[in-house]
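In what follows, chains carry the letters A, B, and so on, assigned in the order in which the sequence lines appear, proteins first and then strands, with residues in each chain numbered from 1.
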Amino acid sequence: MGILEVKNVNKRFGGLQALGDVNLSIRENSCHAIIGPNGAGKSTLLNCLVGKLIPDTGSVLFDGQSVLGRTPYEINQMGISRVFQTPEIFGDLSVLENMMIPIFASRDGSFRMHAIENMHNEKAVVERAKQVLDEMNMLDKQHMHAASMSRGDKRRLEIGMCLSQNPRLLLLDEPTAGMARADTNNTIDLLKQIKDERDITIAIIEHDMHVVFSLAERITVLAQGTPLVEDDPENIKGHPKVREAYLGEAA
Amino acid sequence: YTNEPTGGTVTLGFNVPQTGPYADEGADELRAYELAVEHLNGGGDGGLLNTFSSKALKGNGILGKKIEYVTGDTQTKSDAARASARSMIEKDGAIMITGGSSSGVAVAVQDLCQSAGVIFMAGLTHSNDTTGKDKKANGFRHFFNAYMSGAALAPVLAAQYGTDRKAYHLTADYTWGWTQEESIVAATEALGWETVNTVLTPLAATDFSSYIAPVLNSGADVLVLNHYGGNMVNSLTNAVQFGLREKIINNKNFEIVVPLYSRLMARGAGENVKGILGSTNWHWSLQDEASKAFVKSFGTKYGFPPSQAAQTCYAQTLLYADACERAGTFNPCGIAEALEGFEFDGLGNGPTLYRAEDHQCFKDVLVVRGKENPTSEFDVLEVVEVTPRAQVEYAHDHPMFAGGNLGSCNPGA
Amino acid sequence: MDAIILQILNGLDKGSAYALIALGLTLIFGTLGVVNFAHGALFMIGAFCAVTLSRILTLSFETVDPTQTDFLGQPLKVKTTYIEAWFGPEFGGAMIDWAVPLAILFAIPIMIAVGFIMERGLIKHFYKRPHADQILVTFGLAIVLQEIIKAFYGANPIPTPAPAAFKGSFDFGVLLGFEANAIIYPYWRLVYFAFAAIIIGGVFAFLQFTTFGMVVRAGMADRETVGILGINIDKRFTIMFGLAAAVAGLAGVMYAPINSPNYHMGMDFLVLSFVVVVVGGMGSLPGAVAAGFLLGILESFASMNQVKSIFPGIDQIIIYLVAIIILLTRPRGLLGRKGVMED
Amino acid sequence: MLGLNNKDTLLLIIVAAITLLAPFILNPFPTQSAMAQFNAGYPDLMQRFVIFGIFAIGFNILFGLTGYLSFGHAAFLGVGSYSAVWMFKLLSMNVIPAILLAMLISGLFAVLIGFVSLRRSGIYFSILTLAFAQMSFNLAYSVLTPITNGETGLQLTLNDPRILGQVTTAEGSIPVTSLFGLEMRSTYEMIFGPWSFQFNAGYYLCAIIMLLSFYIAIRIFRSPFGMMLRAIKSNQTRMSYTGLNPRPYTLAAFVISGMYAGLAGGLMASMDPLAGAERMQWTASGEVVLMTILGGAGTLIGPILGAGFIKYFENIFSKINDNILHSWFAFMPDGFENALVAIVHPFVGKGWHLTLGILFMLVVVFLPGGLVEAGQRVAKLFRRRKSEKTSDESAQSKPAE
Amino acid sequence: MNVKPDFSKGRNLAETAPAFLSVWDMHSYYGESYIVQGISFNVHEGEILALLGRNGAGKTTTLRSIARVSSPQVTHGEIWLDHQPLHNMSSYQAAQAGIGLVPEDRRIISGLTVEENLQLAQIAPPIGWSLDRLYELFPRLAERRKQDGVTLSGGEQQMLAVARALARDIKVLLLDEPYEGLAPVIVDEIEKTLRIIKEQGITTVIVEQNAVRALELADRAVILDTGSIVFDASASEVLENESLRTEYLAI
Ligand SMILES: Nc1ncnc2c1ncn2[C@@H]1O[C@H](COP(=O)(O)OP(=O)(O)OP(=O)(O)O)[C@@H](O)[C@H]1O
Ligand SMILES: Nc1ncnc2c1ncn2[C@@H]1O[C@H](COP(=O)(O)OP(=O)(O)OP(=O)(O)O)[C@@H](O)[C@H]1O
Ligand SMILES: [Mg+2]
Ligand SMILES: [Mg+2]
């Protein structure tokens, strides 16, 4: 029994079967990659996990509890954090503030009225935020307006925000797309380290095979809404169908 | 007492609508005030100082003090009017406030003047409440009211349209509208008319078609529009558009009545007012000496005849000044005493009484009709009848005016 | 029954006015995304185009008539219009009588010019600014326009009658088999309804059968990208604005005989037209038109005595009540598009 | 100090100094001089400045932080006023219970309206709030007249029961509002040469409450809650995927700002016990929007500046008439005088709307950040000049070395 | 090593240099932040230029400056395309002059279908590939032609963005990270397409984090670092230069 159990999930958009009978089980404290051609339904699957979409049929269990019908913030409070394909950050806030908000959220829950409290008394939160920024190599940018960062930086910030919550399950939708090679490597290292040090499970969608093969312990290949194969990285690399439909020369 | 004048001047506050729908009426009131000040200070041709029955005024200001004035904008809103009045009292040291173009504003400012301890000489305000349930010891009204409109109009209506009529009322949904409807209904029913229906219309309404459309079908043969200002212009225009006046109902010509006319606003309805009956406080075509003198002063200075609002404001200013002279003080209590029960003539409305019990003036009321062949743009109304004062008088505790308490005069700090 | 038909007719007519005003607004507000508080002022300027034309047509010279006297007892100056003096009372009189329909031709170039100047001079700097700034600047502009009109024409309403040919009303009831006078309807309002239908149809056709509408919609969603695709979006926005101003102005011209124009008539309609556009759904032309008719009809029903006796004062609030109900049941109004002014 | 950082403390001190010294600052011209027309230091207007300041500060907590543009905020002001006047009618003339009830009732009203309206965002939210406020206004004007006294506005009468206070004064008048016996309208006038300054009890009560409200607003702006509200404005999607529920946050902000409006309404009634329905009209809601944007939305001090600006024009410019213009320009030759009066005439007195409209446009075109930006630019100019000066000095000093 | 192009011949590049697209001493700002700090480079007709550098180096800013988008503001410098001065133009004029930009966040227009997004590109002259031909190149788009453009999967959006640029008759194609988020097979496809485009004489500037891929495709490379050009040479030189690769490209 994995920490995340997806059973027979179906999702249609009008005439399009975006997900058809998806079954997926992710082992606790592992890194599971989901790969597949564009439009295969990877992001859609993720959306079903975090409450952005509700599957037409099927069930999604996180740690034995169903996530279906819950709102995104409830699901996050259960311990699932998500990085989006196009960075979703608080553009009008500073980088440091961006980092503080998820920390508040995991400390105080989905709502807390702290209207008169003084930010200066929240030293612990600030410290933690700075620490994560440091981990992400972004401490020098802490006072920047988040919207005015380059896109690679925005993405790293978003990853940092999710990591700062110490989620039990971290969902990453193409986290390193558009990221410079050096930073990609740093991110890989960081994710590895975090997964080992803390009790985190990672599900990652990525088209960059370098990232996938450096991180993943298990890979599911999705094609046209259904899992094609699920296997270890080594076997996937050699899988002829996968090579043809997806990997091309990259393998 | 509040704002006792110490120097050689005395300041009056003219609080009129300068913006919003009644801005033109306010502007005319302001002209009248300026004219009155000019006359009181001894300028111009002296205007009604010459015809006024009381001879206390000498054309040297009030009690020898030159009159200065400040102006403000009521925006036809109670709040703004009170703010403006307060600034006149607190900043400019005004000792009397006058003006207004709506009953709500008049009542609100009257209440303020009462608590601040200055005299309020109401301008155009027609609701029964101003000198009825909301009357105040420091407040005085020269203008006539809804009851008087009804009392004056009803006999004329009976004479012109017969006593067997069915009336349909459209009434603006706020206090003035209600008191007018109540008054007209009572007066016409007393003469045998039947009231088919009374319908309230929203103040903000601009298009009255959906209220007018059902009228013909209701069996009514008279439509009474208890509307004023923009509401009146629109509802009348709409009613005429629907062709109501060409219809024959119950074998009678369908008729429309606008109980309170304002010449300024009637112009806005254009052709549509022709032949429509209503009442008014005063009209420039009156031929008594005082009216002629006033029209001459005003017309010479501004180039067109004054409105009823202008006349009432002019008269109020003179009455106030005269009361000060006769009382020999600016103390509101002295002035109130001088005005209470004061009988006078020569201000254009014939012999008039300022009744002590409710501070309401009693005088003749005009019944007018939209003129068929106007000779100029001001020549909109013609006087049908001058209803004598006796006919519009009522007891001060008449039920339509009950509930209020004049209280006692407040001279302020 | 006849009462209901009557109110439906009424509602349709009221609705056509609402729809027409909302149509102009939705071109600017729903399509260009500018919260235009000056829209009412455009409507008002349209109505004053009619007033102005009738003033021009009735420009007159004075002759002294010694047989009559004016209010000061002097000989009366009688005015004769130049038009009547030149073309004879017959033709001249007819032109004056037809001032309002003629004003349509007069108003189109004026309103388009006003729209162009407004957009080029002011609004174009505000597309990217927050909506709040747009409110402030257009509200300021509306006040200024109003005050200018007030300075020239005063605060009182100015009667602007329809041609004599359209006086009186049409008896629908007889047509439907009811007794006479059961359902009557003024001719001019029927004209207004037809006019609204033509304008609405024209605007729809223009936006539907040309790519113009699509380009402007795209430009609103993402100006920058549309520019990258080689399209001069500024020019199209200006044209759109001119079109919207013309629609607003024409609505005003035709409205002048229904209610005498005054300088604040625009403000009176402003809130209502925003409500109509939003209830219709942001960015949807058919939505705005549908909402205009819906609210017009419901308002008419609410003013029926039978309804008012059950819910006193319902006619005061019906529009807002319906707006609330619709917005709560349909997140984006009747036909709104996603993402337009939702943040 | 007070849990604020240095900059905020300075701001608070400056605002406190200005409000407390307002009777001096607003009356810079001798009473008899021609410029006295521009004096704004009389109780009514000073009270209005701070009361509308409170209203705008509260509005800004919602709009400036969350970006939710309420177009019906005046409803809360109106409800606050009505509650306060009813308190005066029924309970006592003490302002404290009136103000408290005003805040309570408007808070409840805000919970109700906010709960429904906050289901939508953007323009849809604005129209929902507008619709609620317009309904309140229309009903208050007509159907609810027994509670609101309709068009005239709710006012005190000689027949009010007033269980905890005197019904009428010894002289038979209606008693005045007070704070434990200190009459709100009592004014001490200080004559200083040709100047006169008025110190009004009501104003100081309002001023102190305004400072308190301002202080609380600063705390809210700087608190984690304030940050959450800004986060909502910035990206609600990210907010909910971060485990935060935006709804209670926005509702809390809505209610807080509704209570600020109620407080303002209560104070307004305490200073002048009348509650008019127009206080709830959309134009009144629009006014606070304009105040906030004009001053600078999202800034702390902006809304207060905007409120002052608009109220100043409404009350001072509307009172300038031709008579006054002539007295100003009397020293010139007649032709000149008349020409000048004719030029200025359209912008003052009944033309004050025109001036205000033009100023709105000028401010928003040239100062995108509102009046606050004007201040910042001036400050920057000074700084630049200073630094230029120092660099000049250093340039000069060089040859000397 | 800093290799700067030789501008000694004169200021007006259009007269002296044979280059097709010339950028001379360009300075760009976002508001007050000074991003591109005086860069100059030439691209010859039919050439593919790779513009490389770390996150935040200013690559996107450079492309946007050339496409004359309103932000950033170019305060100084000249841009010439085929003897036309671009620096005086606004973005739509530049586009009509032959610039085609594929923006980094794709900028698919919401509320428009896939087909409308393409039609939009063919409103202003000059018109390029026909829709049929584009659909042939990207069959995936043909399937989804009636779908709202923003609901496409990330990769599909990228295809649409490229297709949209080709729908116009362009002289220079500016690609900002075109491979991002694309499945490896699709990347191969696009790369093939780019070669086809090159054969047709279209000049291309490509910004890409996957430096190796970009360099394999490109003829020449320019490396940016904090808004300045640090290297400008042929692609093979970069591939061979060990220090450059590690310092700026981390490959
Ligand atoms: N709201 C929607 N309406 C209609 N179709 C949709 C919607 N959302 C997604 N789709 C379609 O569903 C399919 C799956 O999309 P999804 O975003 O899950 O793909 P993906 O696997 O993440 O691809 P990529 O790697 O390109 O991001 C796509 O073909 C897409 O066009
Ligand atoms: N809108 C903006 N306002 C202010 N600064 C900005 C803005 N956009 C980008 N910047 C800054 O400009 C610099 C260059 O950004 P640019 O997007 O050009 O980098 P890039 O080389 O494309 O990076 P990436 O590979 O991450 O896309 C960055 O430091 C960024 O912070
Ligand atoms: Mg995806
Ligand atoms: Mg980039």
(message) Which one wins on heavy-atom pair count under 4.5 Å against chain C: D:Val365, D:Leu356, D:Ile123?
(response) D:Ile123
(message) Please classify the contact of D:Phe132 with chain C as side chain, backbone, both or neither, using a heavy-atom distance under 4.5 Å.
(response) both
(request) Check whether D:Leu354 gets within reach of chain C through its side chain, its backbone, both or neither, counting any heavy atom under 4.5 Å. (result) both
(message) Does any backbone or side-chain atom of D:Val363 lie under 4.5 Å from a heavy atom of chain C? Answer side chain, backbone, both or neither.
(response) neither
(request) State yes or no: are the ring centers of D:Tyr124 and C:Phe274 separated by less than 6.0 Å? (result) no
(message) For C:Ala151, which atoms come within 4.5 Å of any heavy atom of chain D: side chain, backbone, both, or neither?
(response) neither
(message) Once rounded to the nearest 0.5 Å, what's the spacing between atom CD of D:Gln134 and atom OH of C:Tyr320?
(response) 4.0 Å
(request) Taking heavy atoms only and a threshold strictly under 4.5 Å, list by residue number the residues of residues 289-307 of chain D that touch chain C; give 'none' if the list is empty. (result) D:Leu290, D:Ile293, D:Leu294
(request) Mind ranking D:Thr283, D:Leu144, D:Leu139 by heavy-atom pairs under 4.5 Å with chain C and telling me who comes out on top? (result) D:Leu139
(request) State whether the side chain of D:Asn138 and the backbone N or O of C:Ile317 hold a donor-acceptor pair below 3.5 Å, judged by distance alone. (result) no
(request) Side chain from CB out, backbone as N, CA, C, O: work out which of these in D:Phe63 comes under 4.5 Å of a heavy atom of chain C, or both, or neither. (result) side chain
(message) Tell me if a side-chain donor or acceptor on D:Arg120 pairs with a main-chain N or O of C:Leu327 at a distance below 3.5 Å.
(response) yes
(request) Could you look at D:Val364 and say if it's the side chain, the backbone, both or neither that has a heavy atom under 4.5 Å from chain C? (result) both
(message) Given heavy-atom pairs under 4.5 angstrom as the criterion, report whether the side chain, backbone, both or neither of C:Leu122 touches chain D.
(response) side chain
(message) Using only non-hydrogen atoms and a strict under-4.5 angstrom cutoff, which residues of residues 293-305 of chain C touch chain D?
(response) none
(message) Counting only non-hydrogen atoms closer than 4.5 Å, does C:Leu270 touch chain D with its backbone (N, CA, C, O), its side chain (CB onward), both, or neither?
(response) side chain
